[in-house]
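Structure record follows, encoded as structure tokens.
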Amino acid sequence: MAEASGQFGVNGPESRRDWPALSDAEARDVLSRFPLPSPARQVIWHGRRPFSSTGVVLLEDGSRVFLKRHDHCLRDATALAEEHRFITHLAEQGVPVGQTWRTKSGDAALDLNGSAYEVFSIMPGHDLYETVQSWEPFHNARHAFSGGQRLGQLHAASRSFDAPARPSRRPLLSTFEVITSPDLMTGLDRWLPHQAGLAEALTHHRWRDDLPQALLPFHEKLKPHLGTIQPRWGHGDWHPSNLFWTGTGPEAQVCGILDFGMSDRTCAAYDLAVAIERTAIAWLDPENNCPVSPDCLEAFLSGYRTRYALSAEERRLVPLFLPLVHVEYALSEVAYYETLVHDRAGVKAAYTDYLLGHAHWFSSPTGQQFLYKLTHLLQTAPCP
């Protein structure tokens, strides 16, 4: 078995892992339940992203598959089937997503010993951002342009996917149930009981004071436009390390899209705002006030517009969503770090640095300038 390294934590690479690495014996047992071309031999690579355990498994015939394990407190086979239906639809529309394997009994994923397992064929191309922390910006404008093109293609393809929203009880989703409520705090009070462990985790924070102060000014600007939202499924976690690339240089193009674990029924403007938040702002460089890359932002939007034409109202919604897109996911992370993995650094990062810190940045002169720049770029785009 390949030696398992640590994980990417909230403050960078860590030697520990929240979830045990996949073992050879485990991989052989799990994969024997899928109709693969030959039995599994060993795990030859371990992923370092948090929230699950992943690995590349070598089969006896020399081929490889990608195996992912989720604890049932985060995902079970039913939850993974929701994601797989979206992946299958996108593949039918020509979007380059990973091929999923069904079990021998025809299920989208396997529930076994308190965990859920899913299997994917190996995607062609390069994991160009494998060693990069999630949410780091694109390396250059060419990568950003290609990333924008593929997200636009995904949004165009998802127009014909009409599955309902995922259940509110699912943790760690990119959702907008709270922020699209006419009253933000009422929406939060309605959503919060469905999030396991969140009410308990929030007892350690002055959230009823903190959240209105940080978020209500942005929500007041969004509220008049809530009636114009056209629901649509989105990826929910669009950043460079969830993409595969044709090469390793500056000319590399996106050739594969990974990790639909946060996908849900939101809308194109919201999902585009999520992508901008996770690719255009260097959140992991707070000492330099989280610098932005105007060139990459412009390139990303230019690429996106080659595949998807935002309506006038969608263009208005994107910058209105942007300071709020992180809210529900950040709150879900607070519960995750507090009640599941008991990581105090993770709780601080999720609540103070992420939930409140991102909102405070958008309220700062730098954040306001960024929103003004984004609004200008969107409003000067050609109308569909």
Side-chain angles (χ1 to χ4, degrees), residues 1-34 36 39-60 64-81 83-84 98 100-101 103 107-123 127 129-134 170-173 196-197 201 237 241-242 258-262 329 332-350:
M1 181 178 72
E3 182 178 354
S5 55
Q7 67 181 12
F8 285 117
V10 295
N11 294 314
E14 300 173 339
S15 58
R16 67 180 188 88
R17 299 178 69 95
D18 290 328
W19 306 104
L22 295 165
S23 70
D24 289 345
E26 176 185 18
R28 286 193 287 266
D29 180 28
V30 169
L31 294 179
S32 69
R33 303 161 195 263
F34 289 80
L36 300 176
R41 179 184 299 174
Q42 65 179 133
V43 183
I44 59 174
W45 174 87
H46 294 275
R48 302 172 66 191
R49 308 290 170 188
F51 308 132
S52 63
S53 296
T54 60
V56 173
V57 182
L58 179 68
L59 306 185
E60 292 289 352
R64 299 169 297 152
V65 294
F66 183 82
L67 177 62
K68 190 169 187 177
R69 183 221 300 135
H70 309 260
D71 190 275
H72 271 171
C73 61
L74 297 175
R75 297 289 184 271
D76 58 15
T78 300
L80 295 177
E83 301 164 19
H84 287 208
T100 60
W101 284 85
T103 67
D107 297 316
L110 173 70
D111 283 326
L112 183 67
N113 299 327
S115 296
Y117 296 86
E118 55 183 338
V119 180
F120 295 86
S121 296
I122 296 297
M123 191 168 288
D127 190 357
Y129 289 75
E130 176 188 349
T131 60
V132 175
Q133 192 88 333
S134 295
R170 301 266 186 262
L172 299 177
L173 293 182
D237 194 27
S241 52
N242 275 339
L258 310 171
D259 199 348
F260 286 78
M262 299 179 197
Y329 182 71
S332 192
E333 278 200 334
V334 171
Y336 173 85
Y337 286 116
E338 178 76 50
T339 64
L340 288 181
V341 297
H342 310 292
D343 180 349
R344 297 307 306 168
V347 174
K348 177 187 177 299

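As a basis for the values below, the full set of heavy atoms in this structure was taken, side chains included, without hydrogen atoms, waters or symmetry mates.
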Which heavy atom in C73 sits nearest to a heavy atom in P171, and how many Å separate them?
-> O-CG, 3.8 Å
Between the CG atom in N113 and the CG atom in D71, the distance rounded to the nearest 0.5 Å is 11.5 Å
Any chance you could lay out the side chain to side chain donor-acceptor pair (under 3.5 Å) test for R49 and T54, step after step, and finish with the verdict?
-> CA-CA 8 Å; R49 308 290 170 188; T54 60; over 6 Å; no
Minimum heavy-atom separation for V334 to V347, with atom names?
-> O-CG2, 4.3 Å
Under 3.5 Å, is there a donor-acceptor pair between the side chain of D18 and the main chain of V341?
-> no
Check whether any side-chain heavy atom of S332 sits under 4.5 Å from a side-chain heavy atom of L172, and report yes or no.
-> yes
Test salt bridge (Lys or Arg N to Asp or Glu O under 4.0 Å) applied to E333 - qualifying residues, sequence neighbours left out | none
Look only at the side chain of H72 and the backbone of S115, and say whether a donor-acceptor pair between them is shorter than 3.5 Å.
-> yes
Of all heavy-atom pairs between A40 and A27, which one has the smallest distance, and what is that distance?
-> CB-O, 4.1 Å
What do the steps show when you test F66 against I122 for side chain to side chain contact (heavy atoms under 4.5 Å, CB included), and what is the final call?
-> CA-CA 6 Å; F66 183 82; I122 296 297; 4.2 Å; yes
Please name all residues satisfying side-chain contact (heavy atoms from CB on, under 4.5 Å) with L110, sequence neighbours left out, ordered by chain then number.
-> V30, R33, F34, T103, L112, Y117
Verify, without hydrogens or angle tests, whether D107 (side chain) and A109 (backbone) share a donor-acceptor contact under 3.5 angstrom.
-> no
Whether Y336 and W19 hold their rings parallel, tilted or perpendicular, with breakpoints at 30° and 60° | tilted
Ion pair present between K68 and D259, side-chain N to carboxylate O less than 4.0 angstrom?
-> yes
Rounded distance (nearest 0.5 Å) linking atom CH2 of W45 with atom CZ of R64 = 11.0 Å
Minimum heavy-atom distance between L22 and G55, given as atom pair plus value = CD1-N, 3.5 Å
Set of side chain to side chain donor-acceptor pair (under 3.5 Å) partners for S121, sequence neighbours left out = Q99, W101
In chain order, what residues pass the side chain to side chain donor-acceptor pair (under 3.5 Å) check against N242, with sequence neighbours excluded?
-> D237, H239
For this output row, return yes or no: ring centroids of H84 and F120 closer than 6.0 angstrom.
-> yes
Salt-bridge contact R75-E83 (side-chain N to carboxylate O under 4.0 Å) = yes
Student check: side-chain heavy atoms of L59 and R41 closer than 4.5 Å | no
Mark yes or no for whether D111, through its side chain, and D76, through its backbone, hold a donor-acceptor pair below 3.5 Å.
-> no
Mind checking whether Q42 and V57 have side chains closer than 4.5 Å, heavy atoms only?
-> no
Partners passing side-chain contact (heavy atoms from CB on, under 4.5 Å) against M123 (at least two apart in sequence or in another chain) | F244, L258
Any side-chain heavy atom of E338 within less than 4.5 Å of one from R344?
-> yes
pair V43-V56: side-chain heavy atoms closer than 4.5 Å = no
For R69, all residues meeting side chain to side chain donor-acceptor pair (under 3.5 Å), sequence neighbours excluded = E26, S53
In short, H70 meets S52 closest at the heavy-atom pair ND1-CB, 4.0 Å
If you look at every heavy atom in A201 and A335, which pair is closest and at what distance?
-> CB-CA, 4.2 Å
Taking C-beta and beyond as the side chain, do V119 and T100 meet within less than 4.5 Å on heavy atoms?
-> no
